[in-house]
Engineer: 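Before we start, here is the structure in question, set down as structure tokens.
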Amino acid sequence: MASAWRKLKKSLIMKISTHRDDDRRRFSSSSSSSANGIVSSPSPSSVSRSSSRLSYSFSFRSSKKTCAICLGSLKKGEGQAIFTAECSHHFHFNCIATNVQHGNRICPICRSEWKDIPFQAPGSANDFRNNNSTILGFRHNWHPPSLPVLETDQFSLEEPLSATHVAPAPSTCSQPITIKALPEFPAVLASDAVSKFPVLVGVSAPPFHVDVRHFNRASIDLVAVLDVSGSMSGKLSLLKRAVCFIIQNLGPLDRVSIVTFSSSARRIFPLRRMRGSGQDDAISAVNALSSGGGTNIAEGLKKGVRVLEERHEQNPIASIMLLSDGHDTLNDDTRSLYRNVQNLTSNPNYSLQYLYLLPASICSRNTASGNEARRLSIPVHTFGFGSEHDSNAMHAISDLSGGTYSFIETVDNLQDAFARCIGGLLSVVAQDVRLTIQSLSRGVQIGSIHSGRYKNEIFNLGQKATIDVGSLYADEEKEFLVYVSIPASSRGEGEAKLDHMSLLEVLCSNKDSTSSEIVESRRERVVIRRPKVLSPTDKMVCLEVDRQKNRLAVADAIATAQRMAELRILDHAQAVLSEQKTTLLSSVSAQAGDDLCKWLEKELTETAQRMATLQLYEQSGRAYVLSGLSSHSWQRATTRGHSTTILPGEGANGINSYETPSMISMVSKSQCLNGGPSQQPQMVTKSCSLTPRHK
């Protein structure tokens, strides 16, 4: 029996290593003489038929139990990774990776050609059982400089957090969040009852004063989910450079994991701290990337979420960065599911049944009933690369998860787009930010809140409301419009003698990102006058309220135009944009020369240009618009089109109303490395001022 087995092993070695006719004849002869009791008797009619039957019989009897290369056991739990090829045959990962590293894409068992092949990413040399392993009967004395971190059934290979992380140090960012609460007008006639009186409610995060890489900030667990399908072959070098830029700008307490996807998805680098060898190994893993195969976005996201869900220890911040340049080709029904996409912005993303494939941590509607409180919420920041990517899916994924969607039109801006995103993620100063709004006078009721994609809730018959803001980056601002109803004033009210009425009280609470302490900001009250006659000062419009109304109106107009463009009614879309532009320019804040209004005007102009023809809209307009809607919905900067700022300004300066100093600093660093312009975009200045109201 032992002799027969040795002969069979020898015959397999000869079959895999060469295809010459004389080897095939020796293989057939050896197989016939050694197959007794091991495989079915081959037919002696032809050499090729004998070889085929031996391979077929061997694969069915032993390929799931033994590796056809080293003939070792394939039983799980023995400390070796198992690779399953697309033809369903199984091998030890190390064995088959060595076999294909010279370009061999042929299955050793069934001889079918593979589209997806395994490769060895850098890792620890201890992952091999023996550096001098016997493969295919030959002794190998080659020692690779670094070997792969192999993927296992459990994703529990993350590097533990440092001991100093268990007891977080007090935050050096001691400044609290600043609350803003401003009425549209300082006074309302005592005899008037107003059904929709706008009040601006906002928060401003404290600043960073040093480089975010060295600041005592909240550390992050970041998973990069990268498309390495065949269509990425010409872009892979720039992708590697951009991901390496992220790795090099993380701190020693930050952890990174890398997941790649093509026809299938693999975690090629576990969650490790970015210090010393961890950073070097991460860069080596990125530089070893190769492209090929289809595009399975859903599987890549599932694997990325799994990395974060199965952590034993957690950094305060967790996020996923997803990049793809194409459509999900492994879920064939996705294209037909986009027919109702014209409802995408008014009823966000619920027309995309494709999203049911995503984990509940990203798409909350996939959470089983009763599990909402236990669900881990993971924001996914998506990056659509080029004109062929699936902008609908990328926008939907980011929108539902709480992330942003960036449209990278030209390959040269990939690193800048990553830099902008990471500049924000590395500057989180507050988490679980919540605004609580309370009515202070009888008859004053909260009717509605315009908060974009931030969840708001009104209860107690309009007497109280909350807005869940989530996390705030350093220097970041969020502004919302709260509409209240104001009754006519009566002398029976306590404040009537002073001709004043208290409308609202605003309180902000949050968790400090470094100390995890709950912090409450100073309360702000909104008080208006209730005179019998309005003075000229009482008729002054608050520019901040007016500009916020303009921002919301422009975002609504663009969303309406986008729905019309999806219906191919481009003339109606152009009419909506043109009408909104006229309204914007006639507003009080625009007439006062407000910078935000100038930015909004340019956005309307750019959007109209990208909707000039159906071909132009499908090529870049849709992605440009959806990226802009993502930015407005979350009041957070995204990369749009081919510019390094959201919208280019005149000359060297650009105006970006959502970009923070930390983002600007990181983008400038990226551009310096690339030899590009280092000018910083102009920040929109926001100050409280009053302008006479229109009669």
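Predicted model only: the values in this text are computed from it and were never measured. The chain is numbered in sequence order, starting from 1. The analysis underlying the following values was restricted to heavy atoms, covering all of them including side chains, and did not include hydrogens, waters or symmetry mates.
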Engineer: Would you say Asn249's side chain and Phe245's backbone share a donor-acceptor pair under 3.5 angstrom?
Structural biologist: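 Present.
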Engineer: Would you check, one step at a time, whether the test side chain to side chain contact (heavy atoms under 4.5 Å, CB included) holds for Asp594 with Leu543?
Structural biologist: CA-CA 8 Å; Asp594 180 70; Leu543 286 185; 5.9 Å; no
Engineer: Taking C-beta and beyond as the side chain, do Arg530 and Val188 meet within less than 4.5 Å on heavy atoms?
Structural biologist: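 They are in contact (side-chain heavy atoms under 4.5 Å apart), so the answer is yes.
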Engineer: May I ask you to test the Ile317-Gln431 pair for a side-chain heavy-atom distance under 4.5 Å?
Structural biologist: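 Answer yes - side chains close enough.
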Engineer: Just checking, is any N or O donor in the side chain of Gln415 or Ser670 under 3.5 Å from an acceptor N or O on the other one?
Structural biologist: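 A donor-acceptor contact under 3.5 Å links the two side chains.
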Engineer: Classify the ring geometry between Phe185 and Phe197 as parallel (under 30°), tilted (30 to 60°) or perpendicular (over 60°).
Structural biologist: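 Correct class here is tilted.
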Engineer: Regarding Arg529 and Asp499, does a basic nitrogen lie under 4.0 Å from an acidic carboxylate oxygen?
Structural biologist: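 No, no charged N to carboxylate O under 4.0 Å.
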Engineer: Any sub-3.5 Å donor-acceptor pair from Ser257's side-chain atoms to Val223's backbone N or O?
Structural biologist: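 It does not hold such a pair.
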Engineer: Regarding Glu457 and Lys455, does a basic nitrogen lie under 4.0 Å from an acidic carboxylate oxygen?
Structural biologist: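 No salt bridge links Glu457 with Lys455.
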Engineer: Kindly say whether Asp556 contributes a backbone atom to a donor-acceptor pair with the side chain of Thr560 at under 3.5 angstrom?
Structural biologist: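 Answer holds: yes.
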Engineer: Hey, what do you get for CG (Leu596) to CD (Glu544), rounding to the nearest 0.5 Å?
Structural biologist: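 That separation rounds to 10.5 Å.
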Engineer: Determine, step by step, whether Ser589 and Asn550 satisfy the side chain to side chain donor-acceptor pair (under 3.5 Å) criterion, reporting the C-alpha distance in whole Å, the side-chain angles of both residues, the deciding distance to 0.1 Å, and the verdict.
Structural biologist: CA-CA 9 Å; Ser589 53; Asn550 283 335; 2.9 Å; yes
Engineer: To check you understand the geometry: which heavy-atom pair defines the closest contact between Arg217 and Gly251, and what is its length?
Structural biologist: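 Shortest heavy-atom contact: NH2-N, 3.5 Å.
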Engineer: Between Arg551 and Glu479, is the closest basic N to carboxylate O distance under 4.0 Å?
Structural biologist: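 No, Glu479 and Arg551 are not salt-bridged.
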Engineer: Just wondering, do Cys597 and Leu584 contact through their side chains at under 4.5 Å, heavy atoms?
Structural biologist: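 Yes, at least one pair of side-chain atoms sits under 4.5 Å.
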Engineer: Using a strict 4.0 Å threshold on nitrogen-to-oxygen distance, state whether Arg255 and Glu313 make a salt bridge.
Structural biologist: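 Salt bridge between Arg255 and Glu313, a charged N being under 4.0 Å from a carboxylate O: no.
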Engineer: Report the distance from atom CG of Leu507 to atom CD of Glu520, rounding to the nearest 0.5 Å.
Structural biologist: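 That separation rounds to 5.0 Å.
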Engineer: If you look at every heavy atom in Ser521 and Ile179, which pair is closest and at what distance?
Structural biologist: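 Minimum heavy-atom separation between Ser521 and Ile179: CB-CD1, 3.9 Å.
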Engineer: Look at the aromatic rings of Phe480 and Tyr454 and report parallel, tilted or perpendicular, splitting at 30° and 60°.
Structural biologist: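 Correct class here is perpendicular.
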Engineer: In a check of side-chain contact (heavy atoms from CB on, under 4.5 Å) between Ile246 and each of Met274, Met321, Met666, which one passes?
Structural biologist: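 That would be Met321.
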Engineer: Check step by step if side chain to side chain contact (heavy atoms under 4.5 Å, CB included) holds for Leu323 and Phe418.
Structural biologist: CA-CA 10 Å; Leu323 177 132; Phe418 279 10; 3.7 Å; yes
Engineer: At their closest point, which heavy atom of Ser401 faces which heavy atom of Val380, and how far apart are they?
Structural biologist: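 For Ser401 and Val380, the tightest heavy-atom pair comes out as OG-N, 3.0 Å.
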Engineer: Whether the Thr404 and Arg636 side chains hold a donor-acceptor pair (N or O, under 3.5 Å, no angle test) is what I'd like checked.
Structural biologist: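 On atom types as modelled, these side chains do not qualify, holding no pair under 3.5 Å.
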Engineer: Is there a side chain to side chain contact (heavy atoms under 4.5 Å, CB included) between Val259 and Ile320 once you walk through the steps?
Structural biologist: CA-CA 10 Å; Val259 172; Ile320 293 175; over 6 Å; no
Engineer: Could you tell me which non-hydrogen atom of Pro487 sits nearest to which non-hydrogen atom of Met501, and how far apart they are?
Structural biologist: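 Nearest heavy atoms, Pro487 then Met501: O-CE, 4.5 Å.
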Engineer: Okay, side chain of Ser627, backbone of Thr639: is any donor-acceptor separation there less than 3.5 Å?
Structural biologist: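 Between the backbone of Thr639 and the side chain of Ser627 there is a qualifying donor-acceptor contact (under 3.5 Å).
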Engineer: More than 12 heavy atoms of other residues, nucleotides or ligands under 6.0 Å from CD1 of Ile518: is that the case?
Structural biologist: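 It does: Ile518 CD1 has more than 12 such atoms within range.
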Engineer: Can you tell me how far the CD atom of Glu524 sits from the CD atom of Glu505, to the nearest 0.5 Å?
Structural biologist: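 If we round to the nearest 0.5 Å, Glu524:CD and Glu505:CD are 9.5 Å apart.
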Engineer: Run the side chain to side chain donor-acceptor pair (under 3.5 Å) test on His632 and Tyr658 for me, step by step, so that the C-alpha distance in whole Å, both residues' side-chain angles and the decisive distance to 0.1 Å come before the verdict.
Structural biologist: CA-CA 9 Å; His632 283 302; Tyr658 301 127; 2.9 Å; yes
Engineer: If you compare all heavy atoms of Asp512 against all heavy atoms of Val519, which two are closest, and at what distance to 0.1 Å?
Structural biologist: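 Of all heavy-atom pairs spanning Asp512 and Val519, the closest is CB-CG2, 4.4 Å.
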Engineer: If we only count heavy atoms from C-beta on, is the Leu504 to Ile446 side-chain gap below 4.5 Å?
Structural biologist: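 Yes - at least one pair of side-chain heavy atoms lies under 4.5 Å apart.
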Engineer: Closest heavy-atom contact between Cys508 and Val433?
Structural biologist: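 Heavy-atom minimum between the residues: SG-CG1, 3.7 Å.
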Engineer: Mind checking whether Leu200 and Leu481 have side chains closer than 4.5 Å, heavy atoms only?
Structural biologist: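 The answer is yes; the side chains approach within 4.5 Å.
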Engineer: Rounded at 0.5 Å granularity, tell me how far CG in Asn456 sits from OG1 in Thr466.
Structural biologist: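 Interatomic distance, Asn456 CG to Thr466 OG1, rounded to 0.5 Å: 7.5 Å.
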Engineer: Hey, what do you get for CD (Gln314) to CD (Glu309), rounding to the nearest 0.5 Å?
Structural biologist: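 The CD atom of Glu309 is 10.0 Å from CD of Gln314, to the nearest 0.5 Å.
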Engineer: Begin from the C-alpha positions of Ser398 and Trp634 and carry the test side chain to side chain contact (heavy atoms under 4.5 Å, CB included) through to its verdict.
Structural biologist: CA-CA 11 Å; Ser398 66; Trp634 298 108; 6.0 Å; no
Engineer: Do Thr660 and Arg420 have side chains that get closer than 4.5 Å, going by heavy atoms?
Structural biologist: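 Contact flag for Thr660/Arg420 side chains = no.
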Engineer: Taking the side chain as C-beta and beyond, is there a heavy-atom pair between Leu426 and Tyr473 under 4.5 Å?
Structural biologist: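 No; the side chains remain at least 4.5 Å from each other.
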Engineer: Rounded to the nearest 0.5 Å, how far apart are CG of Leu626 and OG of Ser406?
Structural biologist: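 The distance works out to 12.0 Å.
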Engineer: Can you confirm whether Ile422 sits close enough to Leu250 that some side-chain heavy atom of one is under 4.5 Å from a side-chain heavy atom of the other?
Structural biologist: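 Yes, at least one pair of side-chain atoms sits under 4.5 Å.
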Engineer: Using residues 189-196 as the side-chain source, report each donor-acceptor pair under 3.5 Å to any protein atom, sequence neighbours left out, with the distance given to one decimal.
Structural biologist:
none

Engineer: State which residue, out of Arg272, Arg273, Arg311, fulfils the salt bridge (charged side-chain N to carboxylate O under 4.0 Å, His left out) condition with Asp221.
Structural biologist: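 It is Arg311; the other options fail the test.
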Engineer: Verify the distance criterion only: is there a donor paired with an acceptor across the side chains of Ser219 and Asn315 at less than 3.5 Å?
Structural biologist: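 There is such a pair between these side chains.
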